[in-house]
Amino acid sequence: MVLSNNDGCVVARSREAKALGIKMGVPVFQIRDQIRQQGIAVFSSNYALYADMSQRVMSLLEALAPRVEVYSIDEAFLDLSGVGNVVALDRFGREVKAKVEQWTGIPVCIGIAPTKTLAKLANHAAKQYPATGGVVDLTAKTRQHKLLRLMPVNEVWGIGRQLTRKLDALGIKSAYDLAQANLKTLRRSFSVVVERTARELNGESCLDLETVQAAKQQIICSRSFGERVTDKATLKEAVCSYTARAAEKLRSESQYTKAITVFIRTGMFNPNEPQYSNSATAVLPIPTGDTRDLTQVAVVLLDHLWREGYRYIKAGVMLSDFYAPGVYQPELFKPGQERPNAKSLMTVMDTINHSGKGKVWFAGQGVNPAWIMKRGRLSPAYTTRWNDLLKVR
DNA sequence: TCTGGGGTCCTAGGACCC
DNA sequence: TCTGGGGTCCTAGGACCC
């Protein structure tokens, strides 16, 4: 199984781990004995590895289908319009699955249907029932109905815990019940989102394939600390680091931000410990992508937030109110000024930091931080670091 | 005493997703 | 003792406009 950041909770489990009754999201310390007794293999999360393997799978999918929406690190929607005229969709799905497995070693499941919501449900079935061979084609109405009756409504994409509870009270228990429900009632009792979900279950496509990724509206960088932080200087290092990371993400999006929020908090699980959680936001005079501008404001915000005498467990930085380059309309009477060469300096920093030859950072971020998150069981970055290359003997 | 109709923008809170 | 991180969308309500 794989752990969350800071080696805190279980966030992914193999079939075997699930069979042993390991639940999603449990804190590791609660099942320490079980892990030892049953010899469960435990790994810290390794985002460098996952991102690289994801890219390999996605680029392969893009070669196999004309239009692809990369929906998340491990999911994609493929437009199969017209494909059915050339080859049976079920067979096409099996070919894609085989090719991905052969070229990347990643096992995938495939669901095929006229709408995204039905495709997700088909995928779920492909994953759940080994007899399908990992591919389910839901093109035929009769097969759609069969599966809808089988699936509890909480398995439907877009129906979470709260909606499941409310739908249950209305007697809507299966995906089929939701598909049959009155659209006007759904709209009135819930929202347009639930109405769309019901329409999609009926084969009416309401959600388009989004092949170009939309620009982000906010960027967050937040982390729990490896150990509790009790002094301001250390907390400041963390906030400076998170600010730098958020700014880096912002620049990789080619955007500029006009608002920054800093938050800090103590742990919430120990009722005997004094708790404190707070956030503060500042608006910048002009949009910026310069780490120096953002850091300058972030440390002032931290000054406002800081309270002595607490054991802090987490801090975070959020950027919002974004502008594309050249879009912002400055004020007439007090136009802000970008620092000279701001863009060049940031580009140089980002380039060095991505070159693999070394790192540069701001002094405020500190060196050898004590607060850095725990990753005690990290697997090698097999595909992105020379020293970690897989050895075949 | 009686008080219209049609809009936009912003924010907080709630819900969902991976 | 130890409990993750990063996003989006929708709606209601308040404030404002003509």
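First the proteins, then the strands, lettered A, B, ... as listed; each starts at 1.
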Revision key, fill the gap. In whole angstroms, the gap separating C1' of C/dG4 from CE of A/Met373 amounts to 10 Å
For [X], look at atom [atom1] and say whether over 12 heavy atoms of other residues, nucleotides or ligands are found less than 6.0 Å away.
{"X": "A/Arg91", "atom1": "CZ", "value": "no"}
{"X": "A/Lys258", "atom1": "NZ", "value": "yes"}
{"X": "A/Lys127", "atom1": "NZ", "value": "no"}
{"X": "A/Lys232", "atom1": "NZ", "value": "yes"}

Review point. Does the A/Ser54 side chain pair with the main chain of A/Tyr50, one donor and one acceptor, at a distance under 3.5 Å?
Key: no
Would you indicate what [X] reaches in the nucleic acid, counting non-hydrogen atoms under 4.0 angstrom: base, sugar-phosphate, or nothing?
{"X": "A/Glu75", "result": "sugar-phosphate"}
{"X": "A/Arg311", "result": "sugar-phosphate"}
{"X": "A/Asp7", "result": "nothing"}
{"X": "A/Arg375", "result": "nothing"}
{"X": "A/Tyr71", "result": "sugar-phosphate"}
{"X": "A/Ile313", "result": "sugar-phosphate"}
{"X": "A/Lys374", "result": "nothing"}

Would you mind telling me which of [options] lies closest to the side-chain atoms of [X]?
{"X": "A/Gln162", "options": "C/dT8, B/dA15, B/dC18", "result": "B/dA15"}
{"X": "A/Leu163", "options": "C/dG5, C/dC2, B/dA15", "result": "B/dA15"}
{"X": "A/Val193", "options": "C/dC10, C/dG5, C/dC2", "result": "C/dC10"}
{"X": "A/Val192", "options": "B/dC16, C/dT3, C/dT11", "result": "C/dT11"}

Practice item. Determine: side-chain N/O of A/Arg161 to OP1/OP2 of B/dG14, distance under 4.0 Å, yes or no. Key: no
Review point. Which value, in whole Å, describes the distance between the P atoms of nucleotides C/dC18 and B/dT3?
Key: 24 Å
